[in-house]
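Heads up, the thing below is written out as structure tokens.
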Amino acid sequence: MSNKKYDIIIVGGGVSGCAVAWKLSRYNLNVLLLEKEPDLASGTTKANTAIIHAGYNADPNKLKGRLNVKGNVEIKQIAKDLSIPFKEIGSLVVGVKGDDLSILDELLEKGKKNKVEGLKIVDKEWLRENEPHLTKDAEAALWAPTAGITTPWEFALAMAENAVANGVEIELETEVLDVLTEDGNVVGVKTNRGNFGANYVINAAGLYADDVARMVGIEKIEIRPRKGEYYIYDKAKDFDVNHVIFPIPTPISKGIVVTRTIENNLLIGPTSDPIDDKTDLSTTPEGLEKVYNGAKKLFPDLTLKDTIRVFAGLRAADKTEDFVIEAADNVHGFINVAGIQSPGLSSATAIADMTLDILEDEGLKLEEKKNVIEKREEPVRFYEMSNEERAKMVEKDKKYGKIICRCETVSYKEILDAIHGPIGARTVNAVKRRTRAGAGRCQGGFCGPRVLEILSEELGIDPTEVKQEETNSQIIEYKIKELLGSKVMDNA
Ligand SMILES: Cc1cc2nc3c(=O)[nH]c(=O)nc-3n(C[C@H](O)[C@H](O)[C@H](O)COP(=O)(O)OP(=O)(O)OC[C@H]3O[C@@H](n4cnc5c(N)ncnc54)[C@H](O)[C@@H]3O)c2cc1C
């Protein structure tokens, strides 16, 4: 056991764990966040639709309904304070010919119960004017002006960075293997890197939250992953979409969404298919066909010619189909933040507030810190700058003049900053999340090897040790010299 005893250990560095860490960093507490992977936000938080939902869709009697709106309202100020990309572009649930349009009224009523601001039903003419490429069969829609889009991993990383600035500690590649208890009280955790002591453990382990809950004997949480597959388009595409566009929802899914991303790529998806394997992030021909057909129903002119990538994310759906945020009743000091499926991103900060309330109820003293650092410095985003601004940056530091990712105009200096930042990038995907290097049209075909080389140089590790993402995802199998040496000669 490390000598230091923490007040709280958070298991899992997705948006939920990072939000809890961020909220706790405002108080005089020793907080440690443990993440099993080499980077934060590399679970479900990295692969979703990135919408901050308005909050009309979730059942007002469920936690999902109560917490979504609160999170949606909060994010506007948080985005300013922590320099998180956020655009309040509004969403539309579109009913087309043949759909049951009464569902729009039901959603409107649900939204009113959830206290969502500004909802109204709009007609054909409104839709034609505001979303010109939408199908001519669109009859009416529910307009929710407070819905927005964000960059989900940056949302999580920004909260984590600010938490670190305010004293929270983070350990990566540290997997919680067991929760330690004595006389019915939590006393710490066992990990692959030794034991850590704590009075409280927060289980924010996403897809694995049921496994972590079982470590203290809680059996009632059952996470069954629900896969969502997507296509993402290049910024150069046939037409723009101005809002987040949903079809009429089903009881378990909001349907195939067509939306723009913060950087103005087009994103279509997700499917909603229960699976058994928590690691299965594969895409399938059937899933992608469902995505394309669903999107074409809303936008008939859509083709696939400008798509640059397919991907999948897994919703951590509990059997209750709700968030499970509660203290364990069999062990003091263990709190579940489980079943955080959609709208988990939209609700993250409200989920964290609720977790702090539970901690207080469980006897934790929350004493506000003096001199909290409220702001996070905005990272340089070279691709957003004018040529004049870029020239000024290069004058300050020549490393800005060396462009590593041509598609997204990411400079050498930004990659160095990502590697040496407050939660430094150790993998190729971690660099991508922080800088967009590899997120463009060529998907890292050009910059990938160079990013690998920079990581190797800056971290002082052999290129064969550089990972794409998770533990054991090394990219180069053999050392170059071995390839050029005996192995190649042997095969000649
Ligand atoms: C297809 C899809 C679309 C979605 N769209 C939206 C949307 O548009 N808007 C919205 O609001 N929500 C959306 N969501 C939901 C949202 O993405 C999730 O609710 C949110 O990302 C969950 O975050 P989390 O931190 O709870 O889990 P995760 O991001 O999965 O984080 C859990 C972390 O715990 C770590 N971990 C697990 N076990 C251990 C262990 N034993 N020790 C240490 N670390 C461990 C994992 O490695 C992981 O990093 C969507 C989800 C999916 C799948």
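Remember, it's a predicted structure, so these values are computed and weren't measured experimentally. Indexing begins at 1, ligand by ligand and atom by atom, following the structure's order. Numbers for residues simply follow the sequence, beginning at 1. All values below come from the heavy atoms of this structure, side chains included, with hydrogens, waters and symmetry mates left out.
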TODO: Run the numbers for me: atoms of ligand 1, each under 4.0 Å from some heavy atom of E37, listed by number.
DONE: 47 (O)

Open item on the list: Check this for me: does any side-chain nitrogen of one of R436 and E384 sit under 4.0 Å from a carboxylate oxygen of the other?
Closed with: no

Task: Option of least heavy-atom distance to atom 37 (C) of ligand 1 (set: A312, A205, G344) - done: A205

Task: Residue K110 excluded, over 12 heavy atoms near NZ under 6.0 Å - done: yes

Open item on the list: Check this for me: does any side-chain nitrogen of one of K278 and D210 sit under 4.0 Å from a carboxylate oxygen of the other?
Closed with: yes

Open item on the list: I'd like to know if E154 and R381 make a salt bridge, using a cut-off of under 4.0 Å between side-chain N and carboxylate O.
Closed with: yes

Open item on the list: Out of E35, E173, K254, who is nearest to atom 48 (C) of ligand 1 when you count heavy atoms only?
Closed with: E35

TODO: Indicate yes or no: does an N/O atom of K36 lie under 3.5 Å from an N/O atom of ligand 1?
DONE: yes

Task: Polar contact flag, side-chain donor to acceptor under 3.5 angstrom, T320-D318 - done: yes

- [ ] Can you pull out the closest protein heavy atom to atom 34 (O) of ligand 1? Residue, atom name and distance to 0.1 Å, please.
- [x] G12 CA, 3.2 Å

Task: Heavy atoms of other groups near K319 NZ, more than 12 under 6.0 Å - done: yes

Open item on the list: Tell me the contacting part of R226 for ligand 1: side chain, backbone, both, or neither, using a 4.0 Å heavy-atom threshold, strictly below.
Closed with: neither

Open item on the list: Could you tell me, atom by atom, which parts of ligand 1 come under 4.0 Å of a heavy atom of V11?
Closed with: 40 (C), 42 (N), 43 (C)

Task: Under 3.5 Å: N/O of S347 near N/O of ligand 1 - done: no

Task: Interatomic distance, Y231 atom OH to T307 atom OG1 [nearest 0.5 angstrom] - done: 6.0 Å

Open item on the list: What I want to know is whether Y230 and ligand 1 share at least one N or O pair that is separated by under 3.5 angstrom.
Closed with: no

Open item on the list: Heavy atoms only, cut-off 4.0 Å: how does P152 contact ligand 1, side chain, backbone, both, or neither?
Closed with: neither

Open item on the list: Looking at K23 and D353, is any side-chain nitrogen of the basic one under 4.0 Å from a carboxylate oxygen of the acidic one?
Closed with: yes

Open item on the list: So, regarding M215 and ligand 1 (criterion: nitrogen or oxygen to nitrogen or oxygen, under 3.5 Å), is there a contact or not?
Closed with: no

- [ ] Looking only at protein heavy atoms, identify the closest one to atom 16 (C) of ligand 1 and say how far it is in Å.
- [x] L345 N, 3.9 Å

Open item on the list: Please list, in number order, the atoms of ligand 1 under 4.0 Å from a heavy atom of Y208.
Closed with: 37 (C), 38 (N)

Open item on the list: So for ligand 1, is P270 a polar contact partner (N or O within less than 3.5 Å, distance only)?
Closed with: no

Task: Within reach of ligand 1, part of R315 (heavy-atom separation under 4.0 Å) - done: both

Task: Protein contact of atom 18 (C) of ligand 1 - nearest heavy atom, named by residue and atom, plus distance - done: I340 O, 3.4 Å

Task: Shortest heavy-atom approach to atom 31 (O) of ligand 1 - which of G55, A348, G14 - done: G14

Open item on the list: If I apply the N/O under 3.5 Å rule, does G313 come out as touching ligand 1?
Closed with: no

Open item on the list: For a quick check under 3.5 Å, do T49 and Y230 share a side-chain donor-acceptor pair by atom type?
Closed with: yes

TODO: Considering the heavy atoms of L314, write down every atom of ligand 1 situated less than 4.0 Å from one of them.
DONE: 53 (C)

Task: For G206, the ligand 1 atoms whose distance to one of its heavy atoms is below 4.0 Å - done: 27 (O), 30 (O), 32 (C)

Open item on the list: Between D276 and R224, does any side-chain N to carboxylate O distance fall below 4.0 Å?
Closed with: yes

Task: Nearest-contact summary for atom 50 (C) of ligand 1 - protein heavy atom, Å - done: N48 CB, 3.4 Å

Open item on the list: Need the ligand 1 atom indices (1-based, order shown) with element for anything under 4.0 Å from a heavy-atom of L34.
Closed with: 43 (C), 44 (N)

Task: Heavy-atom side-chain proximity of V168 to L24 below 4.5 angstrom - done: no

Open item on the list: For the OG1 atom of T259 and the CD1 atom of I89, what is their distance to the nearest 0.5 Å?
Closed with: 4.5 Å

- [ ] Tell me which protein heavy atom sits closest to atom 42 (N) of ligand 1, plus the residue, atom name and distance to 0.1 Å.
- [x] V176 N, 2.9 Å

Open item on the list: For N336 and E326, which I'm curious about, is there any donor-acceptor pair between the side chains at under 3.5 Å?
Closed with: no

Open item on the list: Geometry only, no angles: is S42 polar-contacting ligand 1 at N/O separations under 3.5 Å?
Closed with: no

Open item on the list: Can a side-chain donor-acceptor contact be found between S282 and K227 if the only test is distance below 3.5 angstrom?
Closed with: yes

Open item on the list: Checking a contact table here: which protein heavy atom is nearest atom 23 (O) of ligand 1, and how many Å away?
Closed with: T45 OG1, 3.3 Å

Task: Distance-only side-chain donor-acceptor flag, R226 / S272, under 3.5 Å - done: yes

- [ ] Just jot down the ligand 1 atoms closer than 4.0 angstrom to any heavy atom of P343, in number order.
- [x] 10 (C), 11 (O), 12 (N)

TODO: Would you check the N or O atoms of E175, main chain and side chain alike, for any that come under 3.5 Å of an N or O of ligand 1?
DONE: no

TODO: Quick one: look at A41 and ligand 1, take heavy-atom pairs under 4.0 Å, and tell me if it's side chain, backbone, both or neither.
DONE: neither

- [ ] Write out the residue and atom name of the closest protein heavy atom to atom 5 (N) of ligand 1, then the distance separating them to 0.1 Å.
- [x] T49 N, 3.2 Å

Task: Exercise: do S42 and E469 side chains pair donor with acceptor under 3.5 Å - done: no

- [ ] Do me a favour and list the nearest non-hydrogen protein atom to atom 8 (O) of ligand 1 with residue, atom name and distance?
- [x] I51 N, 3.0 Å

Open item on the list: Under a 3.5 Å threshold, yes or no: a donor from one side chain and an acceptor from the other, between N265 and R441?
Closed with: no

- [ ] Could you tell me how the ring of W143 sits relative to the ring of H243: parallel (under 30°), tilted (30 to 60°) or perpendicular (over 60°)?
- [x] perpendicular

Task: Close-contact set for ligand 1 against T174 heavy atoms, below 4.0 Å - done: 43 (C)

Task: Option nearest atom 25 (O) of ligand 1 (shortest heavy-atom distance, choices S272, G71, S16) - done: S16

- [ ] Answer yes or no: is there a side-chain heavy-atom contact under 4.5 Å between Y27 and D7?
- [x] no

- [ ] From the options A50, S342, G228, A209, select the one whose nearest heavy atom is closest to atom 14 (N) of ligand 1.
- [x] S342

